[in-house]
S.K.: 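This is the structure, below, for whatever I ask next.
Naming: A, B, ... by sequence-line order, numbering from 1 per chain.
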Amino acid sequence: MQKALIARGMRDFLPEAMRRRRRVIEILSAVFERFGFEPVETPALERLETLEGKYGEESDRLIYRVLKRGQGGEEGESDLGLRYDLTVPLARLVAMNPDLPLPFRRWQIQPVWRADRPQRGRYREFLQCDVDVVGSSSPVADAECIAVVDAALTALDLGEFEIRVNHRRVLRAMADVTGVGHKETDVLVALDKIERVGREGVDAEWAARGLPPRATARLWALLDLAPAAARPLDALAALEPALSEEGRAAVRDLERILHLVGALGVPEARIRFDPTLARGLDYYTGAVFETVVVAPRIGSLSGGGRYDRLVGTFLGRDIPAVGVSLGLERILAVIEEAGTLGGPTAPARVLVAALDDACLPAALEASARFRAAGQSTWVAPEPLPMKKALRQADRRRIPFAAVVGPDEAAAGTTFLRRMADGAQWVLPAADLLPHLEAGPPTPDATG
RNA sequence: GUGAGUGUAGCUCAGUUGGUUAGAGUGCCAGGUUGUGGCCCUGGAGGUCGUGGGUUCGACUCCCAUCACUCACCCCA
């Protein structure tokens with residue numbers, strides 16, 4: 001015999017989990033549609049050259065590669081890879097469909113694959129839920145991306161969350177004006193860890209990366225102009241005069257976005273300007289966002305930003321774009337932690353069983369009537385003694401049991417028992433449905 | 001890719017300084033009379049102690065390797 005094992009970082013979803021996932025997906029896609037985004041799907045596999053070089057050197061190594069068919073594969077060559085995110089495939093799709101009317105607003109919920117080590121809330125195959133606006137450089141597009149995240153997380157009743165925003169060019173300006181523009185990456189990589197390692201930790205890493213103390217002192221002075229507690233627009237206003245012209249332009253861009261976000265109805269308290277927010281993906285060029293919750297300490301729930309150069313790598317001319325990605329697995333982790341899930345679920349409203357073989361046809365006729373009336377019906381394929389029929393219904397949390405025995409079959413009736421309180425009836429076919437419909441709602445975690 | 005920890009019944013875990021037939025709870029199955037679930041009582045099935053070596057008279061227990069999982073780092077959804 002072979003031992004049954006699932007591949008590392010991959011998961012099966014049992015019915016209980018599937019019901020939760022589908023419910024969240026339904027809510028998200030409804031919000032996306034409400035914002036006027038259109039659905040799209042792209043293949044799991046992309047040509048390797050489409051994927052490579054878009055995410056940064058580190059991330060390229062996390063792309064799953066597929067061996068070539070035939071001779072090349074035996075020699076270890078690969079030409080295809082599993083998609084690493086939904087943004088790069090979107091850029092490819094837009095470049096291949098020049099007739100699409102721009103701006104193109106699309107939503108997409110599909111799995112992506114990353115070959116890193118699994119951890120809490122982190123898997124090798126996971127579902128991303130993306131919305132993007134391609135073909136507009138207006139800050140309205142940025143603002144809508146923030147607003148749709150806010151609407152989605154609000155619709156899911158996730159509790160408290162915070163959307164952090166920053167701007168790639170603000171970061172660059174901070175490095176420039178402190179004289180370490182040539183070490184921008186070193187500045188960012190260390191700064192991004194501030195929440196985990198604190199100021200001292202960042203200082204230590206900056207020093208280790210060869211930044212002169214004079215520069216790091218000036219960086220801190222800049223960062224202190226925009227304290228975390230401050231209202232985002234105040235923080236931006238305080239920082240602006242200290243930056244280069246490029247940085248000031250970026251600040252103004254962010255200010256416009258935040259004003260528009262407010263106009264779209266997002267409470268100001270949800271937004272925080274975070275000058276330490278860097279984000280890893282190479283393709284971002286402007287505003288960047290990230291959503292975090294306080295509750296379980298997992299990574300961000302969503303991430304995104306503006307990427308005005310990505311489509312151009314496939315097209316030869318740039319098309320501006322901005323988008324966000326919500327992580328379904330992390331959303332579910334938060335929902336589960338918050339316990340807003342309700343109890344276990346039932347596979348059906350009524351269980352139908354026959355006491356012996358001769359009664360099966362009559363039982364099936366009853367099930368057909370239930371189903372025709374839209375009631376989900378679980379049929380016991382083998383005849384069951386009364387005790388077992390009720391036990392099955394009880395353990396599956398099915399609220400009603402309908403049983404046909406010799407007496408009922410002879411009389412043309414069905415025995416119906418309401419499991420919650422033990423009320424029971426023997427009824428002709430025509431009288432069954434009102435009793436079913438009047439009963440307690442079918443237990444369902446997703447309401 | 002780096003570091004640490006854990007692997008005993010379907011599930012959650014006990015298992016004393018190495019010593020006879022490896023336990024509990026839960027779940028599962030069957031009973032507690034006639035066509036009635038949950039609660040209670042009784043009984044039962046179920047384990048190559050992750051796998052492979054080694055040390056020893058003797059290994060679930062000690063050592064090595066290997067695999068799997070978990071957590072942290074890196075990075076991210």
S.K.: Testing the basics here: between F35(A) and A151(A), what is the closest heavy-atom pair and its distance to 0.1 Å?
M.R.: CE1-CB, 3.6 Å

S.K.: How close do G305(A) and F289(A) get, heavy atom to heavy atom, and via which atoms?
M.R.: N-CE1, 3.7 Å

S.K.: Specify the closest pair of heavy atoms between A147(A) and V266(A), including all atoms of both residues, with the distance to one decimal.
M.R.: CA-CG2, 3.8 Å

S.K.: Taking 4.0 angstrom as the limit, do D79(A) and R47(A) come out as a salt bridge?
M.R.: no

S.K.: Wobble G-U and Watson-Crick pairs count when both distances are under 3.5 Å; given that, what is the 5' to 3' dot-bracket string of RNA chain B, with | for pairing to other strands?
M.R.: (((((((..((((.....[...)))).(((((.......))))).....(((((..]....))))))))))))....

S.K.: For G31(B) versus C67(B), give the span between their P atoms, rounded off to a whole number of Å.
M.R.: 48 Å

S.K.: With rounding to the closest Å, how many angstrom separate the P atoms on U8(B) and A45(B)?
M.R.: 23 Å

S.K.: With a 4.0 Å cut-off, would you call R65(A) and E77(A) a salt bridge?
M.R.: no

S.K.: Could you measure between the two C1' atoms, the one in U55(B) and the one in G10(B), and give it in whole Å?
M.R.: 35 Å

S.K.: With a cut-off of less than 4.0 Å, is there a side-chain N or O of R391(A) near OP1 or OP2 of C29(B)?
M.R.: yes

S.K.: Across the strands shown, which category fits A353(A) at heavy-atom distances under 4.0 angstrom: base, sugar-phosphate, nothing?
M.R.: nothing

S.K.: Quick one: label Q424(A) by what it contacts on the DNA or RNA (base, sugar-phosphate, nothing), any heavy atom closer than 4.0 Å.
M.R.: base

S.K.: Given atom CG of D394(A) and atom C1' of G27(B), what is their separation to the nearest angstrom?
M.R.: 14 Å

S.K.: Tell me whether the ring of F126(A) lies stacked over the A77(B) base, given a 5.5 Å limit on centroids and a 30° limit on the plane angle.
M.R.: yes

S.K.: Looking for any heavy atom pair under 4.0 Å, which part of the strands does E408(A) touch: base, sugar-phosphate only, or nothing?
M.R.: base

S.K.: Quickly work out the R11(A) CZ to A77(B) C1' distance and round it to whole Å.
M.R.: 11 Å

S.K.: Work out how far the P atom of U42(B) is from that of U66(B), and round it to whole angstrom.
M.R.: 49 Å

S.K.: Record whether the side chain of R117(A) comes under 3.5 Å of the base of U70(B) through a donor-acceptor pair of N or O atoms.
M.R.: no

S.K.: Could you point out which residue of Y84(A), Y307(A), Y284(A) forms a ring-ring contact (aromatic ring centres under 6.0 Å, His included) with Y55(A)?
M.R.: Y84(A)

S.K.: Under 4.0 Å: is that the gap between some side-chain N or O of Q392(A) and OP1 or OP2 of G37(B)?
M.R.: no

S.K.: Looking at R369(A), I'd like to know if its CZ atom is crowded, meaning that more than 12 non-hydrogen atoms belonging to other residues, nucleotides or ligands lie closer than 6.0 Å.
M.R.: yes

S.K.: Taking only the side-chain heavy atoms of R395(A) (C-beta and beyond), determine which of A77(B), A72(B), C29(B) contains the nearest atom.
M.R.: C29(B)

S.K.: From CZ of R124(A) over to P of A77(B), roughly how many Å is that when rounded to an integer?
M.R.: 17 Å

S.K.: With a 4.0 Å cut-off on heavy atoms, is V189(A) in touch with a base, just the backbone sugar-phosphate, or nothing at all?
M.R.: sugar-phosphate

S.K.: Is E184(A) salt-bridged to R168(A), cutoff N-O under 4.0 Å?
M.R.: no

S.K.: On a whole-Å scale, what distance lies between the P atoms belonging to C63(B) and A68(B)?
M.R.: 22 Å

S.K.: Rounded to whole Å, how long is the line connecting atom CD of Q119(A) with atom P of G5(B)?
M.R.: 17 Å

S.K.: Looking at K193(A), I'd like to know whether one of its side-chain N or O atoms comes within less than 4.0 Å of OP1 or OP2 on C74(B).
M.R.: yes

S.K.: Categorize R417(A) for me: base, sugar-phosphate, or nothing, with a 4.0 angstrom heavy-atom threshold over every strand shown.
M.R.: base

S.K.: Report the residue (R8(A) or G303(A)) whose heavy-atom-nearest nucleotide on RNA chain B is the more 5′ of the two.
M.R.: R8(A)

S.K.: Pick the C1' atom in G23(B) and in G15(B), then give their distance to the nearest Å.
M.R.: 7 Å

S.K.: Rounded to the nearest angstrom, tell me the gap between atom CZ in R396(A) and atom C1' in G37(B).
M.R.: 13 Å

S.K.: Would one find a side-chain N or O of K387(A) under 4.0 angstrom from OP1 or OP2 of G37(B)?
M.R.: yes

S.K.: For the pair made of CZ in R21(A) and C1' in A77(B), what is the distance, rounded to whole Å?
M.R.: 12 Å

S.K.: What distance, rounded to whole Å, do you find between the two C1' atoms, one in G25(B) and one in U33(B)?
M.R.: 31 Å

S.K.: Rounded to whole Å, please give me the gap between CG in L62(A) and P in U2(B).
M.R.: 14 Å

S.K.: If you measure from the P atom in C13(B) to the same atom in G3(B), how many Å do you get, rounded?
M.R.: 27 Å

S.K.: Starting at atom CZ of F415(A), determine the distance to atom C1' of U36(B), rounded to an integer number of angstrom.
M.R.: 6 Å

S.K.: Using OP1 and OP2 only, check whether a side-chain N or O of R397(A) sits under 4.0 Å from G38(B).
M.R.: no

S.K.: With heavy atoms under 4.0 Å as the rule, sort D407(A) into base, sugar-phosphate or nothing.
M.R.: base

S.K.: Between S325(A) and G422(A), which is nearer to the 5' end of RNA chain B once each is assigned its nearest nucleotide?
M.R.: G422(A)

S.K.: For atom CZ of R11(A), decide whether the heavy atoms of other residues, nucleotides or ligands shown that lie under 6.0 angstrom number more than 12.
M.R.: yes

S.K.: For D308(A) versus A321(A), what's the shortest heavy-atom pair and its separation?
M.R.: OD1-N, 3.1 Å

